[in-house]
Every structure is written in C-alpha cells, then in structure tokens.
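Input: a single structure, listed below in structure tokens.
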Amino acid sequence: MPPNRRLGADIICGPFFVCDTTREGNFASLSKSKVAEYSQLFKEIPEFTGQEPELQPGITFIGFEY
C-alpha cells in the first residue's frame with residue numbers, strides 16, 4: 001500500500017483510523033481535544049519518494065523476563 005503519513009520514526013501505509021480505547025480494550029470515540037490533537041498531527045500530507053528506509057519491511061523482537 002502507498003505511504004500515507006509519518007508517525008514518529010515509522011511510516012503508515014494505506015488508509016488508517018485513530019480511535020480511543022476503554023479500560024476493557026474496546027474501541028471508543030475520541031474526545032474533542034484528542035480530535036483536535038490528531039487533526040493537527042496528521043494535517044500535513046508529506047511527499048514520499050518511495051526510497052525512504054522506513055518503507056523497508058522489518059520486525060523488531062522485544063523480549064521480557066518473567
């Protein structure tokens with residue numbers, strides 16, 4: 001899917017949506033302040049060349065000690 005927006009050091013490819021979650025892990029609507037925050041964050045549509053190193057597939061493993 002084509003690159004869409006940057007998020008930190010990552011690039012989101014394809015369509016996406018932003019939502020909140022409840023304590024039980026269910027999807028929930030965003031508050032008005034969160035809508036404003038994410039609208040500002042994703043307002044600018046970046047141009048991608050297709051050569052960005054972030055577009056290379058990759059996996060990061062994070063281990064936990066019990």
Side-chain angles (χ1 to χ4, degrees):
M1 299 187 101
N4 192 329
R5 298 289 196 284
R6 289 191 175 273
L7 183 60
D10 295 320
I11 295 175
I12 299 171
C13 292
F16 68 99
F17 70 96
V18 178
C19 67
D20 206 345
T21 58
T22 65
R23 290 182 187 250
E24 296 79 30
N26 297 317
F27 291 146
S29 296
L30 295 173
S31 66
K32 287 183 180 182
S33 64
K34 287 289 185 185
V35 169
E37 178 184 341
Y38 287 108
S39 294
Q40 183 65 29
L41 180 65
F42 294 119
K43 175 173 74 173
E44 300 294 323
I45 301 172
E47 291 190 29
F48 296 99
T49 65
Q51 302 302 313
E52 290 79 7
E54 302 92 338
L55 292 175
Q56 296 300 313
I59 285 185
T60 301
F61 290 97
I62 301 172
F64 298 95
E65 291 186 30
Y66 296 99

Pairs touching residues 11-25 that satisfy side chain to side chain donor-acceptor pair (under 3.5 Å), sequence neighbours left out =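 Side chain to side chain donor-acceptor pair (under 3.5 Å) check on residues 11-25 returns T22-E24.
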Scan the side chains in residues 2-18 for donor-acceptor partners under 3.5 Å anywhere in the protein, sequence neighbours excluded, and list what turns up.
unit_1, atom_1, unit_2, atom_2, d
N4, ND2, G14, O, 3.0
R5, NE, F42, O, 2.9
R5, NH2, F42, O, 3.4
R6, NH1, E54, OE2, 3.1

Under the side-chain hydrogen bond (donor to acceptor under 3.5 Å, both in side chains) rule, collect the residues that match up with S31, sequence neighbours excluded.
->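 Listed in chain order: S33.
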Check: E37 side chain, V35 main-chain N or O, donor-acceptor pair, under 3.5 Å |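 Checking the backbone N and O of V35 against the side chain of E37, no donor-acceptor pair under 3.5 Å is found.
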